[in-house]
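Keep in mind that the numbers below use all heavy atoms, side chains included, and drop hydrogens, waters and symmetry copies. Since we're looking at a predicted model, the values are computed, not measured. First the proteins, then the strands, lettered A, B, ... as listed; each starts at 1.
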Amino acid sequence: MLDVRLLRHQPDHFAQQLKKKRYDLDVGQFLALEAERKAAQAETEQLQHERNARSRQIGAAKARGEDIAPLVAEVGNLGERLSLAKERFSAVQERLHRFLLEIPNLPDATVPTGDSEADNRELRLWGGIPQFNFEPLDHVDLAAAGALDFAAAVKIASARFVVMKGALVRLHRALTQFMLDTHIDEHGYVEVYSPYIVNSESLYGTGQLPKFADDQFSIEGGDLHLIPTGEVPVTNLYRDLILDAAALPIRHVCHTPCFRSEAGSYGKDTRGMIRQHQFEKVELVQLVRPEASWRGLEELTAHAEAILRKLELPYRAVALCGGDLGFAAAKTIDLEVWLPGQKRYREISSCSNFLDFQARRLMARFRDQAGGAIEYVHTLNGSGLAIGRTLVAVLENFQDGAGRIHIPEVLRPAMGGAETLDLRVV
RNA sequence: GGAGGGGUGGCUGAGCGGUCGAAAGCACUGGUCUUGAAAACCAGCGAAGCGAGAGCUUCCCAGGGUUCGAAUCCCUGCCCCUCCGCCA
C-alpha cells in the first residue's frame, strides 16, 4: 500500500510514475474520495466530541447528586446524528481503502521502461550456452520412460500436475536439501516451517489480494487458501509486530509447495513441468531497515545466483521493465536459466524489493531505539530457487544424448554418491 | 466431537456503567549516586487517524445491541486454555 499522506500531496506525481507500470491512477476519483472522507471525518469527530463532553457533564452532575434529567433531555437526537455520520464516514473510508489496496507499488527510478518481457534489461550472463553434438531433448522426452508421468497426474488430479517416480524424485529432493543447506550454512538464513494454507488477511498483507483472487486456490466454505508462494506465510509472520531494531535484518528461508491456479495462462507452457498448479520452491525472505533494502536486493539475488553457479547451470540476470513488474514490487531482478530443450532462458527466480509497500499493509514495523520513532521495515524476497524448474534445467543441460543425466557434484552426496541418473529406467 | 474457563498496553496483571487510554509489577529510556557497573531512588514510557499548530478523535479480540455515557451489561462470531473422547 502506498503512503496516503504522500499520495494526497502529489497525486499527479504518483500517477506519472505509475504509468511506467502501465497503471492508470484515477486522480479525480481519489481527490473526490478524499474530499468526502475529510468532510465525513470532521463531522463525525465533531459530533463525537460533543457527545463526550455532554456525557462527561452528566456524569459530573450525577456525582454531585443533581438532577440529570434536563441535561439528558438536552442531548436530543445527538446519538442519531452521530450514528448517521459514523455510517457515512466508515462507508467512504471503506471505499478509499479499497481504492488504495488496488494501487500497485511505484516502480523504482532504475526500472527500465517497457511493456513486456522483451523490454527487460539484461544485467549479466553467467556460464556459456552448452553445445551438444546431438539434438538436445527437453525434459518431457528425456523422462518419457516414466520418471515424469503427466498422464498419471491428469488421471488422479488434472492437467498441470505431474507425477515423478524413482531416482528423479530423489534428485528433486536432493535439490531441495542442497538449496536449503546452502542458504542456511553459507548465507545466514534461518529456516522456517509454516502452514501451506493461509487466511485472506495474509494474502492482503503481501499483496496477492484483492487484485489476484483468481490466481489462488481457495478452500470452499471458509477463509482459507493454498499458498501461491512461501513468501506469504513467512512475510506474514511479522504482520502487526513492532520489532526491535536489533532484530534486523531478518533473513528466512522456507521450503514449501506452491499452488497456483494459473488463471489466464491457458495455452501457455502446457508442455512439461514449467507451469504447474503445484510446485516446490525454496523461498528467501528478508526484513531489513529501510536504508538497507537496496543492498539487500543485491545480496539476496547473489544468494539465489550462488545456487545456479554451484549447480553449474548457465543463466542470466535481467531487470524487469515497468510493464513486467509485479504488483507489490518496486524493482525485480529475474534469474533466467538456459533450457536447451526450449533453446531459451526461462525464469527460475524472481528477486524483489518491495520497500515499505508490503510492510504498510502488514503493519510490520520496527522501533529505531527504545523510546524512538516507529518505522516500517522494508521487505524483500526471491526464489532460491524454484525446484521443479531447477530439476528441468539439470535434466536438459546435463543430458548425455544416451538417456543419462550427469549429476552436478554438489548434489551427489544426497544422491548416494551417484554420478549419473539413468532416465531410461524408473 | 462433549463439558468448562478465558481474550485488557512489549510482557504479567487490576479494573465499581461516568474524570479510564486504563492500577500495579516487569521490561525499556533519562537522571541522581558510583572510578565504572549493579542496587537504590526520582522521572518518563501504548498505537492509529485528522490538523500548520494548540488540539481533537479512535482503539481494552472482532461485529452488532442497550445507554446521555460501555473495557465494564446483552447477542453473535473468531481465537486461546483446561478436562474427557478420538487420532498420525
Side-chain angles (χ1 to χ4, degrees), chain A residues 1-11 30-101 193-205 218-219 221-225 233 236-248 250 287 356 358-377:
Chain A
M1 193 147 50
L2 297 173
D3 186 343
V4 211
R5 276 173 289 201
L6 294 179
L7 185 56
R8 264 180 217 137
H9 286 121
Q10 33 188 328
F30 173 68
L31 293 177
L33 277 170
E34 258 298 287
E36 228 181 298
R37 188 225 92 225
K38 208 164 174 172
Q41 180 162 1
E43 189 194 3
T44 304
E45 292 188 356
Q46 208 280 328
L47 288 170
Q48 277 170 332
H49 179 54
E50 197 177 330
R51 180 204 60 193
N52 291 345
R54 288 188 182 278
S55 295
R56 227 172 288 139
Q57 279 173 19
I58 292 171
K62 201 175 173 187
R64 288 193 302 267
E66 296 169 11
D67 180 18
I68 62 167
L71 286 172
V72 171
E74 247 178 63
V75 173
N77 65 346
L78 185 63
E80 237 169 90
R81 284 190 291 149
L82 176 57
S83 59
L84 280 174
K86 265 184 174 168
E87 235 167 85
R88 266 199 302 275
F89 181 38
S90 65
V92 69
Q93 262 197 140
E94 176 59 29
R95 274 190 291 152
L96 192 57
H97 187 63
R98 278 205 306 267
F99 182 84
L100 292 172
L101 278 177
Y193 173 88
S194 81
Y196 302 150
I197 298 177
V198 296
N199 55 36
S200 59
E201 228 179 302
S202 296
L203 289 165
Y204 274 99
S218 299
I219 290 162
D223 178 36
L224 291 173
H225 314 267
N236 272 278
L237 286 174
Y238 297 93
R239 168 149 53 88
D240 294 327
L241 291 186
I242 298 174
L243 301 160
D244 285 337
L248 301 175
I250 289 169
L287 286 85
D356 60 0
Q358 289 183 327
R360 218 172 267 290
R361 294 176 163 234
L362 293 159
M363 293 299 275
R365 296 167 291 171
F366 75 101
R367 193 187 298 277
D368 204 4
Q369 319 129 13
I374 291 172
E375 286 184 68
Y376 291 105
V377 299

Any strand counts, and the cut-off is 3.5 Å on both contacts for Watson-Crick or G-U wobble. Which nucleotide pairs with [N]?
N      : value
B:rC73 : B:rG65
B:rG85 : none
B:rC59 : B:rG46
B:rG51 : none
B:rA40 : B:rU32
B:rC79 : B:rG6

Separation of atom [atom1] in [X] from atom [atom2] in [N], rounded to whole Å:
X        : N      : atom1 : atom2 : answer
A:Phe89  : B:rC50 : CZ    : P     : 9 Å
A:Glu74  : B:rU67 : CD    : P     : 20 Å
A:Ile58  : B:rU19 : CD1   : C1'   : 14 Å
A:Leu6   : B:rG49 : CG    : P     : 12 Å
A:His97  : B:rA48 : NE2   : P     : 16 Å
A:Ile374 : B:rC28 : CD1   : C1'   : 13 Å
A:Asp240 : B:rA62 : CG    : P     : 12 Å
A:Leu241 : B:rC11 : CG    : P     : 10 Å

Taking [M] as the reference, what is the distance to [N] when you measure between their [atom1] atoms (whole Å, please)?
N      : M      : atom1 : value
B:rC75 : B:rU82 : P     : 26 Å
B:rU66 : B:rG4  : C1'   : 28 Å
B:rG9  : B:rC59 : C1'   : 11 Å
B:rG21 : B:rA48 : C1'   : 13 Å
B:rC42 : B:rG46 : C1'   : 23 Å
B:rG49 : B:rG30 : P     : 27 Å
B:rC73 : B:rC60 : P     : 14 Å
B:rU32 : B:rA37 : C1'   : 15 Å

Going by atom types only, do A:Ser202 and A:Asn199 share a side-chain donor-acceptor pair under 3.5 Å?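 There is such a pair (donor and acceptor under 3.5 Å, judged by atom type) between the side chains of A:Ser202 and A:Asn199.
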
First of A:Val72 and A:Met363 reached from the 5' end of RNA chain B, by closest nucleotide: A:Met363

5′-ward residue of the pair A:Ala60/A:Gln41 relative to RNA chain B: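 Result of the comparison: A:Ala60.
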
Please check if atom CD in A:Glu80 has more than 12 non-hydrogen atoms from other residues, nucleotides or ligands closer than 6.0 Å.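 No, CD of A:Glu80 has 12 or fewer neighbouring heavy atoms, counting only those of other groups under 6.0 Å.
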
Between atom CG of A:Leu7 and atom CZ of A:Phe99, what is the distance when rounded to the nearest 0.5 Å?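 That separation rounds to 7.5 Å.
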
Donor-acceptor pair, distance only, cut-off 3.5 Å: does the side chain of [X] make one with the backbone of [Y]?
X        : Y        : value
A:Asp244 : A:Ala246 : no
A:Thr44  : A:Ala85  : yes
A:Arg361 : A:Tyr204 : yes

Under-4.0 Å side-chain N/O to phosphate OP1/OP2 contact, A:Arg365 with B:rA47: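 Indeed not, no polar side-chain atom of A:Arg365 lies that close.
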
Can you give me the closest heavy-atom contact between [X] and [Y], atom names plus distance?
X        : Y        : result
A:Ala40  : A:Phe89  : CB-CA, 3.7 Å
A:Leu47  : A:Arg81  : CD1-O, 3.7 Å
A:Tyr376 : A:Arg365 : CD2-CG, 3.6 Å

Nearest to side-chain heavy atoms of A:Ser55, which nucleotide of B:rG69, B:rU19, B:rC50: B:rG69

Per-nt protein contacts along nucleotides 51-60 of chain B (heavy atom under 4.0 Å; B base, S backbone sugar-phosphate only, - none) come out as S----BSS--

Please list, by residue number, the residues of residues 194-205 of chain A whose heavy atoms come closer than 4.0 Å to an atom of RNA chain B; answer none if no residue qualifies.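 None, since no heavy atom is under 4.0 Å.
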
Under-4.0 Å salt bridge between A:Lys38 and A:Glu34: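 No, this pair does not count.
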
Yes or no on side chain to side chain contact (heavy atoms under 4.5 Å, CB included) for A:Asn236 and A:Val198, after CA distance, side-chain angles and deciding distance? CA-CA 10 Å; A:Asn236 272 278; A:Val198 296; over 6 Å; no

